[in-house]
Amino acid sequence: MDTPGRYLVYNGDLLEYDVDNMSQIQKVHAFLMNDCLLIATWLPNRRGAVKYKYNALYDLESFAIVNVKDNPPMKDMFKILMFPDSRIFQAENSKIKKEWLEILDETKKNKAVKERHKKEEEVPNSPVRPEVSNNPFDVEDEPLSSEEVVDLSLEWIQELPEDLDVCIAQRDFEGAVDLLDKLNDYLKDQPVSPRVKELRGKVDERVRQLTEVLVFELSPDRSLRGGPKATRRAVSQLIRLGQSTKACELFLKNRAAAVQTAIRQLRIEGATLLYIHKLCNIFFTSLLETAKEFEMDFAGNTGCYSAFVVWSRAAMKMFVDAFSTQVFDSKESLSTAAECVKVAKEHCKQLSEIGLDLTFTLQSLLVKDIKAALQSYKEIIIEATKHRNSEEMWRKMNLMTPEALAKLKEEMRSCGMGSFEQYTGDDCWVNLSYTVVAFTKQMMVFLEEGLKLYFPELHMVLLESLREIILVAVQHVDYSLRCEQEAEKKAFILQNASFLHETVLPVVEKRFEEGVGKPAKQLQDLRKSSRPMRVNPDSTMSVV
């Protein structure tokens, strides 16, 4: 009270509450003076006339007053905001609360008006007149005084800093940016005076505070559940503040955290293919929604699109990590892996509707695991074929029942062996070795699954795998022909060799060319270089 011109306006007891959990903290006594607000705490052990202990002193321009709606049992409260901090006080009743709000508001306005008048009085009423030149060609270059040109005495300008504080406290971000735009339009093309600089300084501090709040709104902890649309409000206001780069960065970080959380929360249960369907649906739907929201929010900021492409590639890597862990690391069958990759490719194609093609990215991230899976399954087929070859007796197959024979015919037709009928005999006999038939079915399955997994980077891997598998069967037949001495059995071996070279290998070549789009010269050369022998009546062999 020793400060000249300072006097007491209003005072009274209040209860202070915690802003976070609304628990009562302490009893205080507030002293409102014409230029500041003093908060004092009650002394538990009074000493004579001393009742209070100093707690804080706030300049009237440094805080905003916000009414707190009644929410029984919490009522008769109001809040003072000193961003980023705030304090909540409770009055004794609604009447006293109303008095506090009205007197605080009136006192703040009176101080603002007093300071405005004081600054106006400092401006000279009769500015020095410049010397008048008699030269008619002289042009007046000196502008009028800035103080005369820019009128900062308007009520909305005087109350702007406080209004911004209230908008920020009430999360009215649009209103805060509207006020900033209004001020910028008003000061546009106006000369910069000391008073304008002072106003700009106060406003810039509020802009910094508003930016911090918007950044917090975009943090993953705040807006993951609402999807991409939940970020639109904060993003749009950051863009209006001229911070599109920061808005883009925060938006993409937010969506990356959302995608990662969704993938992590997906339960791994049931069949692998079912899990992959769910994983693809969650990831690609989220990616599509993010892309659409990004396009909407940053339509006028084409420079941000490269950041989205980079983010998309990083998100795809996150997806592939989860995909590969479940499909390839768990040693699923090649058919299951092929179906899973097919599902992922189909979902990836959906992104083309917004002009985003990540197929190449998906393939490049999967190529290592698919290559390893093809080579692993190739080794399994080769080992199985060698095992059957070691037990080969070169006998016709007896399927015992017509149903079993019909089933085998259907399986061979589905493999593309249309001429298989000519190798079936009377009753339930098949004029082929079990080893050759089993090899044919297994190799055709490998080919079909390999074509589902196929993309150009895997061309030689698939081709060489097929060549190695075929060589095992062809070399076994060739060795058996050379070693077998019995004419009847040799003729049966030759019939199996003929089936391999004239039926199976041409089907493999044709199907490979259909699936890949170009012929496989290596397979053609293999077929030509390993043509079977035929048995002449005089028991000698010649090349067919």
Side-chain angles (χ1 to χ4, degrees), residues 270-277 279-280 320 323-349 359 362-388 407-408 410-418 420 435-474 500 503-520 522-523 526:
T272 299
L273 185 57
L274 177 61
Y275 170 82
I276 295 301
H277 271 289
L279 176 65
C280 289
V320 170
F323 181 95
S324 296
T325 299
Q326 190 63 22
V327 176
F328 296 110
D329 293 354
S330 58
K331 305 299 181 183
E332 289 289 342
S333 67
L334 189 65
S335 60
T336 299
E339 285 298 323
C340 292
V341 172
K342 181 181 177 183
V343 170
K345 286 182 178 179
E346 290 173 351
H347 275 82
C348 195
K349 289 178 181 177
T359 303
L362 175 65
Q363 292 175 349
S364 62
L365 291 171
L366 286 174
V367 65
K368 181 180 178 181
D369 289 323
I370 295 178
K371 180 179 179 180
L374 286 172
Q375 291 176 336
S376 175
Y377 200 69
K378 173 201 70 177
E379 295 297 332
I380 292 174
I381 294 177
I382 290 175
E383 288 301 316
T385 302
K386 287 181 177 179
H387 178 72
R388 287 191 296 266
K407 181 180 178 182
L408 178 61
E410 180 59 34
E411 288 176 351
M412 298 305 284
R413 273 195 297 270
S414 66
C415 291
M417 309 298 161
F420 180 73
T435 299
V436 172
V437 172
F439 165 80
T440 301
K441 291 195 295 183
Q442 200 168 22
M443 187 187 64
M444 291 307 296
V445 168
F446 176 80
L447 174 60
E448 291 299 329
E449 303 305 339
L451 291 176
K452 290 180 184 178
L453 293 166
Y454 178 85
F455 43 86
E457 288 80 4
L458 293 170
H459 182 84
M460 290 308 299
V461 176
L462 179 58
L463 192 57
E464 285 300 317
S465 296
L466 287 170
R467 185 175 177 276
E468 290 180 35
I469 292 171
I470 292 170
L471 268 176
V472 173
V474 168
L500 284 174
T503 301
V504 177
L505 296 188
V507 169
V508 171
E509 293 172 24
K510 180 182 177 183
R511 184 69 189 94
F512 186 89
E513 184 175 350
E514 290 174 351
V516 172
K518 56 184 178 181
Q522 291 91 331
L523 296 181
L526 175 61

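Bear in mind that the values here come from a model prediction, so they are computed numbers and not experimental data.
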* Asked: Any donor and acceptor pair, going by atom type alone, linking the side chain of Ser414 with main-chain N or O of Glu411 inside 3.5 Å?
  -> yes
Which heavy-atom pair separates [X] from [Y] by the least distance, and what is that distance?
X	Y	value
Leu453	Ala338	CD2-CA, 3.6 Å
Val507	Gly416	CG2-O, 3.5 Å
Leu463	Gln522	CD2-OE1, 3.1 Å
Ala344	Cys280	CA-SG, 3.8 Å

* List the steps and the verdict of side-chain contact (heavy atoms from CB on, under 4.5 Å) for Val327 and Thr336. => CA-CA 8 Å; Val327 176; Thr336 299; 5.8 Å; no
* To do: Using the side-chain contact (heavy atoms from CB on, under 4.5 Å) rule, take Leu523 and Leu505 through it: C-alpha gap first, then chi angles, then the decisive distance, then the call.
  => CA-CA 8 Å; Leu523 296 181; Leu505 296 188; over 6 Å; no
Nearest 0.5 angstrom please: [X] [atom1] to [Y] [atom2], how far?
X	Y	atom1	atom2	value
Lys345	Leu366	NZ	CG	8.5 Å
Leu466	Met444	CG	CE	9.5 Å
Glu509	Leu526	CD	CG	8.5 Å
Cys340	Gln326	SG	CD	8.5 Å
Thr435	His387	OG1	NE2	10.0 Å
Thr272	Ile276	OG1	CD1	7.0 Å

* Asked: How about Leu273 and Glu332: do any of their side-chain heavy atoms sit closer than 4.5 Å?
  -> no
* Asked: Side chains of Phe455 and Ile370: closer than 4.5 Å at any heavy-atom pair?
  -> yes
* Gln363 and Leu458: side-chain contact (heavy atoms from CB on, under 4.5 Å), yes or no, with the steps? -> CA-CA 10 Å; Gln363 292 175 349; Leu458 293 170; over 6 Å; no
* Could you tell me which residues satisfy ring-ring contact (aromatic ring centres under 6.0 Å, His included) with Phe512, sequence neighbours excluded, listed by chain and number? => His459
* Among all residues two or more places apart in sequence or in another chain, which pass the ring-ring contact (aromatic ring centres under 6.0 Å, His included) test with Phe439? -> none
* Restricting to pairs with a member in residues 365-375, which pass salt bridge (charged side-chain N to carboxylate O under 4.0 Å, His left out), not counting sequence neighbours? -> none
* Candidates Thr385, Val472, Ile470 - the one meeting side-chain contact (heavy atoms from CB on, under 4.5 Å) with Met443 -> Ile470
* Counterpart residues, salt bridge (charged side-chain N to carboxylate O under 4.0 Å, His left out), relative to Arg413 (two or more places apart) -> Glu410, Glu421
* Could you go through the side-chain contact (heavy atoms from CB on, under 4.5 Å) check for Phe420 and Thr440 one step at a time? => CA-CA 11 Å; Phe420 180 73; Thr440 301; over 6 Å; no
Acceptor/donor pairs from residues 445-452 side chains to any protein atom, 3.5 angstrom cut, sequence neighbours excluded:
from	atom 1	to	atom 2	distance (Å)
Glu448	OE1	Arg511	NE	3.4
Glu448	OE1	Arg511	NH2	3.2
Glu448	OE2	Arg511	NE	2.8
Lys452	NZ	Glu339	OE2	2.7

Please tabulate, for the side chains in residues 373-384, all donor-acceptor contacts under 3.5 angstrom to protein atoms that are two or more places apart in sequence or on a different chain.
from	atom 1	to	atom 2	distance (Å)
Lys378	NZ	Glu468	OE1	3.0

